[in-house]
J.: 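The following block contains the structure, expressed as structure tokens.
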Amino acid sequence: MQTLEIGKNDAGQRLDKFLTKRLKNLPQSLMYKYIRKKCIKVNGKKCDIDTRLNEGDVLTFFIKDEFFEEVKGEQYDFLKAPSKLDIIYEDDNIMLLNKKPGLIVHPDENYHFDSLIGRIQHYLYDKGEYDPKDERAFAPALVNRIDRNTGGIVIAAKTAAALRTLNQKLKDRELEKLYLCTAVGIFDKKEDILNAYLEKNEKQNRVYISDKPTKDGKPIKTGYKVLAEKDGFSLLEVRLYTGRTHQIRAHMAHIGHPLLGDGKYGKNEINRRMGYKWQALYSYKLSFCFTTDGGELEYLNNKTFTAPDVWFAEKFK
């Protein structure tokens with residue numbers, strides 16, 4: 001017989017989801033059979049596959065010990081990533097990272113050991129705050145993502161409770177993000193809110209903007225304010241009222257002001273002439289604007305964090 005006690009980071013999960021992550025040697029079909037035959041119990045009682053686990057629950061297993069053995073040859077890929085991070089803020093629940101252009105946030109289909117999440121997990125492992133053996137089913141995770149060629153603030157949750165709360169806040173638009181970008185040209189209107197329709201082409205991995213509704217187009221709303229102008233370029237602060245794929249880049253290009261350095265929607269002739277390897281777009285300011293209870297993260301409400309030294313903004317000083 002084996003027992004496992006549920007910790008705070010494993011609480012809230014369905015039993016079958018937890019077991020799939022924790023007992024990697026246990027086939028799923030056999031797991032379901034064991035649950036039906038009461039070989040796996042929660043607090044000494046019969047349970048179902050969708051039983052929600054609470055902190056302090058004790059799981060009892062009347063199964064072979066071999067299912068608890070570590071998978072042979074298993075290694076932690078995150079230890080292959082550097083542990084160096086540009087940290088804007090950190091506490092017991094979250095981290096705010098200043099991601100630089102060129103770094104991917106998650107390993108992609110080609111797999112890349114050096115990712116932001118890999119660096120975060122390596123950093124926390126070195127600090128003794130994260131060990132896969134102890135956590136069983138939870139790993140520090142990202143709340144938001146930023147494209148490889150874009151920089152800015154990325155939120156990481158260090159606990160399962162923080163991850164659940166922030167995912168919901170992001171969905172409910174209780175996290176406000178502002179962007180800086182350099183656009184080609186000088187704007188006639190120094191401040192405006194733009195409305196259009198965005199249609200995504202999955203095969204081309206790009207989007208198309210139209211001023212009129214289209215069959216598969218989704219409405220978008222983008223606000224901007226010109227902060228500075230220099231040498232035929234404009235530094236903008238942008239607010240997204242809708243969060244669609246490539247919205248800022250495509251919307252600015254649609255009105256005739258593509259972002260400097262943008263190889264997909266911009267002008268490569270200008271990009272090469274200016275020597276921009278990355279697109280001049282940065283998620284530079286994050287505000288926690290909770291309109292509902294933030295739970296254990298309520299202390300973050302009404303706080304704003306700003307990324308220092310945005311590389312292309314310096315050129316306007």
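Because the structure is predicted, anything quoted here is derived from the model rather than measured.
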J.: Is it possible for you to check whether K169 lies under 6.0 Å from the centre of the six-membered ring of F288, through NZ or CZ, and within 45° of that ring's axis?
T.: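 That pair does not qualify as a cation-pi contact.
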
J.: Could you list all the salt bridge (Lys or Arg N to Asp or Glu O under 4.0 Å) pairs where at least one residue sits in residues 48-64, not counting sequence neighbours?
T.: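 Non-adjacent pairs meeting salt bridge (Lys or Arg N to Asp or Glu O under 4.0 Å): K46-D48.
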
J.: Locate the shortest heavy-atom distance separating A81 from F113; write the atom from each residue and the value.
T.: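 Minimum heavy-atom separation between A81 and F113: CB-O, 3.3 Å.
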
J.: Please determine if R206 forms a cation-pi arrangement with Y208, meaning its NZ or CZ atom is less than 6.0 Å from the six-membered ring centre and no more than 45° off the ring axis.
T.: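 Flagged: R206 positioned over aromatic ring of Y208.
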
J.: Quick one: are D114 and L103 in side-chain contact, heavy atoms under 4.5 Å?
T.: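 Yes, at least one pair of side-chain atoms sits under 4.5 Å.
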
J.: List in chain and number order the residues that pass side-chain hydrogen bond (donor to acceptor under 3.5 Å, both in side chains) with E237, two or more places apart in sequence or in another chain; answer none if no residue qualifies.
T.: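 For E237 the side-chain hydrogen bond (donor to acceptor under 3.5 Å, both in side chains) partners, ignoring immediate neighbours, are Y284.
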
J.: Between the main-chain N or O of K221 and the side-chain N or O of T242, is there a donor-acceptor pair closer than 3.5 Å?
T.: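 Yes, because the side chain of T242 sits within donor-acceptor range (under 3.5 Å) of the backbone of K221.
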
J.: Quick one: are the ring centres of Y282 and Y179 less than 6.0 Å apart?
T.: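 No, ring centres 6.0 Å or more apart.
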
J.: Taking all non-hydrogen atoms of both residues into account, name the closest pair between D262 and K264 and its distance.
T.: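 What the structure gives for the nearest pair is OD1-N, 3.0 Å.
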
J.: Taking the six-membered ring for Trp, are the ring centroids of Y130 and Y125 within less than 6.0 Å of each other?
T.: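 No; Y125 has its ring centre 6.0 Å or more from that of Y130.
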
J.: Please report whether the ring centroid of F187 lies less than 6.0 Å from that of Y224.
T.: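 Yes.
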
J.: Is K200 salt-bridged to E202, going by a charged N under 4.0 Å from an acidic O?
T.: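 So K200 pairs with E202 through a salt bridge.
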
J.: Ring centroids only, cut at 6.0 angstrom: are Y299 and F290 within range, meaning strictly under it?
T.: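 No, ring centres 6.0 Å or more apart.
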
J.: Can you sort out the partners of R244 under side-chain hydrogen bond (donor to acceptor under 3.5 Å, both in side chains), two or more places apart, ordered by chain and number?
T.: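 With neighbours one apart ignored, the set is empty.
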
J.: Show the nearest heavy-atom pair for residues K177 and L170, with the distance to one decimal.
T.: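 For K177 versus L170, the nearest heavy atoms are NZ-CD1, 4.2 Å.
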
